[in-house]
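Working notes, beginning with the structure itself.
All ligand and atom numbering here is 1-based and tracks the order in the structure. These values consider heavy atoms only, across backbone and side chains, with no hydrogens, waters or symmetry-generated copies.
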Amino acid sequence: MRGQRSLLLGPARLCLRLLLLLGYRRRCPPLLRGLVQRWRYGKVCLRSLLYNSFGGSDTAVDAAFEPIYWLVDNVIRWCGVVFVVLVIVLTSSIVAIAYLCVLPLILQTYSVPRLCWHFFYSHWNLILIVFHYYQAITTPPGYPPQGRNDITTVSICKKCINPKPARTHHCSICNRCVLKMDHHCPWLNNCVGHYNHRYFFSFCFFMTLGCVYCSYGSWDLFREAYAAIEKMKQLDKNKLQAVANQTYHQTPPPTFSFRERVTHKSLVYLWFLCSSVALALGALTVWHAVLISRGETSIERHINKKERRRLQAKGRVFRNHYNYGCLDNWKVFLGVDTGRHWLTRVLLPSSHLPHGNGMSWDPPPWVTAHSASVMAV
Ligand SMILES: [Zn+2]
Ligand SMILES: [Zn+2]
C-alpha cells in the first residue's frame with residue numbers, strides 16, 4: 001500500500017516542481033505563471049496564519065482549554081458573592097450559638113476570672129476577624145497606573161496590552177493586571193495583591209485562631225452534647241417500639257425538650273465546623289506564612305521553582321531578589337517603617353499602607369545591610 005502511494009506521489013511532486021520551475025521563467029504561458037503565483041501566495045498566507053514565534057505545544061493546549069478556562073473564570077466570578085455571603089452566615093451562626101447556647105451553660109459553671117478571660121479574648125478575636133475580613137474584601141489589591149511612562153516595567157501584559165511592573169500579574173477573573181498578585185480568592189471575591197495581602201493573611205490567621213479557640217474550648221460541651229444526642233436517638237427508638245407494641249402500662253420516660261435538642265445539635269455543629277475550618281484554614285495560613293518568610297507570592301513560587309530547576313541544570317544558583325531574609329521579609333510585609341511597632345500591628349487592628357507602592361521593589365534602607373549579607377551567602 002505504502003509502495004503504491006509513493007509511486008503516485010513521486011511523479012505528482014515532480015510535475016509540481018516542473019510547473020513551479022516553468023512559472024519562474026518569463027516565457028511560460030501567462031495562465032501557468034498566474035497559477036504558480038497564486039500557489040505561492042496561498043502558501044505564504046497559510047504560513048502567516050499558522051506561524052508564531054511564541055507558538056508551541058503549550059499554546060495549542062491553552063487554546064484547546066480556553067473554553068474551560070472561560071467557564072471556570074465566569075463561575076468563580078459569579079460565585080464570589082455567594083462565597084462571601086457563606087462566610088458571613090457561617091461566622092454569624094457560630095457567634096449566635098456561642099451567645100445563645102454556650103454562654104448560658106458556662107455562666108452556671110465557670111468562675112468569674114475564667115469568665116472574664118473568655119469574654120475579653122473571644123471579643124478581641126472576633127473584632128480582629130471582622131475588621132480584617134472587611135478590609136480584605138473592600139481594599140483594592142492595587143493596579144498599575146494607566147498611561148504613565150515614569151514607572152519601571154519588565155514586560156507587556158498580553159491581555160491588557162499595557163506595561164507590567166515587576167511582580168505584577170494578570171488576573172483572568174478580575175480581567176486586569178494586579179500589583180504583586182498572590183492569587184484570586186473566591187472567599188473574598190477579590191484579588192489578593194500588594195495593598196490587601198496583609199489583611200488576607202491576618203484574616204486567615206485570626207480566623208484559624210478563633211476556630212482553634214472554639215474547637216478546644218467547646219470539647220467537653222461537644223462530648224456531652226454528642227452523648228445526649230445518642231441518648232435522644234435511643235429514647236426515640238424505644239418510644240416508637242413501645243407505641244408499636246403497646247407495651248406501656250405506665251407514664252413513658254421523660255424525653256428531651258425542644259430547647260435541649262436544639263442546644264445539643266448546635267454544639268455538635270459548632271465543634272465540627274470550627275474543627276474542620278481550623279484544620280483547612282490553618283494549613284493554608286501556615287503555607288502563606290512560609291511563602292512570606294521566603295519573600296515569595298503564590299504565583300512567584302511556581303515561577304521561582306521552574307527558574308531554580310533551570311539554573312540548577314546549568315550548574316548555577318537561583319537567588320530571589322525580593323527575599324531580604326526571614327525577619328526582614330515579615331517586617332516589610334507588616335510595614336514596620338510606617339510608624340508603629342510590628343507587634344502592635346499584629347495584635348491590634350490597623351488600617352495602613354504597606355511598604356512601597358507595589359511597582360518599584362528596592363529594599364528599604366534598613367534591610368540593605370542584611371540583604372547584602374544574604375547575597376554574599
Ligand atoms: Zn493584564
Ligand atoms: Zn482577581
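Contact check for Y322 versus K180: no side-chain heavy atoms found under the 4.5 Å cut-off.
Checking C157 against the Zn ion (ligand 1), an N/O/S atom falls under the 2.8 Å cut-off. For the Zn ion (ligand 1), the N/O/S atoms of C160 include one lying under 2.8 Å.
Here the angle at the Zn ion (ligand 2) defined by SG in C171 and SG in C191 stands at 100°, rounded to 10 degrees.
Ring centers of F272 and F222: under 6.0 Å apart, within the cut-off. Ring pair Y110/W117: centre-to-centre distance not below 6.0 Å. When ring centroids are compared, H288 and F333 stay outside the 6.0 Å threshold.
Atom ND1 is the N, O or S atom of H170 at the shortest distance from the Zn ion (ligand 1). Nearest to the Zn ion (ligand 2), among the N, O or S atoms that H184 has, is ND1.
Hydrophobic clustering of Ile, Leu, Val, Met, Phe, Trp and Tyr side chains at less than 4.5 Å, counting indirect connections, unites W219 with Y226.
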